[in-house]
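Everything below concerns the one structure shown next.
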Amino acid sequence: MKPKLFILAALHQATAKPADRRVHLGVSRTVSITSEGVKIFNLPYNSTELQQYADKVADKKVTVHLDPDDIRKVTITIEGTNKILHARLTMTALNDLSLNEAVELMTAAVAANPVKRQLHEDHLWKAKERRAKETGFFSSPLVPDSYLGVEALQKAADALLAVEFVPSGPSAPTVPPSGIMDRGEHPAIHKVTGPPVATQQSAPVDAASDTKPATFAPIKESKL
C-alpha cells in the first residue's frame, strides 16, 4: 500500500464509528442464532433485540461483525434486509481484551482445567490473574507482532468448541419485579416456620391501685 493510501486508511479507521469499523474493517462470520445468542471465535454475544428478532423469523442465519481491537460488542446484519442488530459480550472477564488476547486466555483456562467440558466465567478470571502474574501484562494490541492471523485465531477458537464457556448468572434466585408482593410459591421466597417470636409487652396495670400517672399543669406564664 502506498504511504498516502495507508495514511487515508489509518485516518478512516480512527474516525469511523464503532459499528462501521466492525462492518467494514473487522472480521465477519455467518452463524445461527440460538437461545444463548450468537458466537464468533467461540465468544458468546447476546441482546434482547437479537432474541426478539430470532423469535419472529424461521431463518436464524445472520452475519456477525467483530472488531478485533474491541470485542465488547458486535454488529449483526441479515442478508437481504437493511436491518442491523447489536449484541454485547456476555463473558465480562474478556471485556478489556483484544480478540487475540481473549482466545489466548480461553485456551489457557482450558489448559488449566483439562478434564472439564464446561468452564464458568470465574475460571477465566483465574486464568487472567495467572497470566498477569506470570507476564506482568498482556501484549500490547498496538504491536503488530502481538496478533495472530485471522485464520490462526479461528483455528485456535475452533479447538475450544468442545468446551462450553458459561457466563456468570445471578448468585441466587430472584423474584420478578412485578411479583415482589406476591404470596405465591417461588424459589426466591423463603417462608419462616416455627413458633412466633414473643414481642415485648407493657407491664400490666394493677386495677386495684388508685395510683394515676403523674401529670403537670400546663405552663401559663413564662418563668423568664
Side-chain angles (χ1 to χ4, degrees), residues 13 18-19 21-51 54 60-77 85-171:
Q13 184 173 5
R21 280 174 53 89
R22 288 189 285 268
V23 173
H24 301 292
L25 303 172
V27 291
S28 303
R29 294 289 185 271
T30 299
V31 300
S32 294
I33 309 172
T34 68
S35 59
E36 297 178 352
V38 294
K39 281 189 174 183
I40 178 172
F41 291 94
N42 212 32
L43 298 174
Y45 293 85
N46 206 353
S47 68
T48 301
E49 64 174 344
L50 178 62
Q51 290 301 326
K60 310 295 184 182
K61 290 286 185 180
V62 293
T63 301
V64 183
H65 307 272
L66 172 69
D67 181 354
D69 292 333
D70 185 356
I71 63 174
R72 293 173 296 176
K73 198 172 182 180
V74 292
T75 297
I76 301 167
T77 56
L85 307 173
H86 296 93
R88 287 194 173 276
L89 182 65
T90 56
M91 281 289 188
T92 56
L94 307 176
N95 266 343
D96 59 340
L97 305 180
S98 66
L99 175 59
N100 188 86
E101 292 167 342
V103 173
E104 286 184 357
L105 188 68
M106 290 191 295
T107 302
V110 172
N113 300 271
V115 180
K116 292 183 179 293
R117 287 295 174 264
Q118 186 182 78
L119 293 180
H120 293 264
E121 189 165 3
D122 62 330
H123 294 110
L124 293 177
W125 284 110
K126 291 176 181 177
K128 193 173 183 179
E129 183 179 358
R130 286 194 302 270
R131 172 71 181 271
K133 288 180 179 179
E134 292 170 1
T135 64
F137 55 86
F138 281 100
S139 54
S140 172
L142 300 178
V143 180
D145 291 341
S146 69
Y147 278 113
L148 292 175
V150 173
E151 295 305 322
L153 280 173
Q154 186 65 66
K155 186 176 180 180
D158 289 344
L160 304 173
L161 290 176
V163 180
E164 180 186 5
F165 289 88
V166 183
S168 296
S171 57

| Distance (rounded to the nearest 0.5 Å) between L89 CG and R72 CZ | 10.0 Å

| note | Separation between CD1 (I76) and CG (L50), nearest 0.5 Å, reads 4.5 Å

| message | Counting C-beta onward and ignoring hydrogens, is there a side-chain heavy-atom pair between L85 and V62 closer than 4.5 Å? | response | no

| said: Salt bridge or not between D69 and R21? Use side-chain N to carboxylate O under 4.0 Å. | reply: yes

| Would you say the side chain of S47 lies within less than 4.5 Å of the side chain of R88, judging by non-hydrogen atoms? | no

| Which of these, T75, D67, D70, sits in a side chain to side chain donor-acceptor pair (under 3.5 Å) with R22? | T75

| task | Specify the closest pair of heavy atoms between H86 and A19, including all atoms of both residues, with the distance to one decimal. | result | NE2-CB, 4.1 Å

| task | Using side chain to side chain contact (heavy atoms under 4.5 Å, CB included) as the criterion, list what pairs up with K155, not counting sequence neighbours. | result | none

| query | What pairs with D96 under salt bridge (Lys or Arg N to Asp or Glu O under 4.0 Å), at least two apart in sequence or on another chain? | reply | K128

| Verdict with supporting geometry, T34 and K39, side-chain contact (heavy atoms from CB on, under 4.5 Å) | CA-CA 9 Å; T34 68; K39 281 189 174 183; over 6 Å; no

| message | Just verifying a value: how many Å separate I71 CD1 and M91 CE, rounded to the nearest 0.5 Å? | response | 11.0 Å

| request: List in chain and number order the residues that pass side chain to side chain contact (heavy atoms under 4.5 Å, CB included) with R29, two or more places apart in sequence or in another chain; answer none if no residue qualifies. | output: V31, I40, F41, V150, Q154

| field | Beyond-backbone contact of Y45 with L66, side-chain heavy atoms, under 4.5 angstrom | value | yes

| request: Calculate, to the nearest 0.5 Å, the distance between atoms CG and OG1 belonging to L43 and T90 respectively. | output: 9.0 Å

| said: Applying side chain to side chain contact (heavy atoms under 4.5 Å, CB included), can you list everything that pairs with A54, at least two apart in sequence or on another chain? | reply: I33, K60

| query | Would you call L153 and N100 a side-chain contact if the rule is heavy atoms closer than 4.5 Å? | reply | yes

| Are H65 and T77 linked by a side-chain donor-acceptor pair shorter than 3.5 Å? | yes

| message | So, using side-chain hydrogen bond (donor to acceptor under 3.5 Å, both in side chains) as the criterion, who are the partners of Q51 when residues are at least two apart? | response | N46

| said: Tell me whether E36 at atom CD has more than 12 heavy atoms from other residues, nucleotides or ligands lying less than 6.0 Å away. | reply: no

| message | Could you work out, with side chain to side chain contact (heavy atoms under 4.5 Å, CB included) as the rule, every residue matching T107, not counting sequence neighbours? | response | V103, L160

| Within a strict 4.5 Å, meaning less than it, do heavy atoms of the E104 and L97 side chains meet? | no

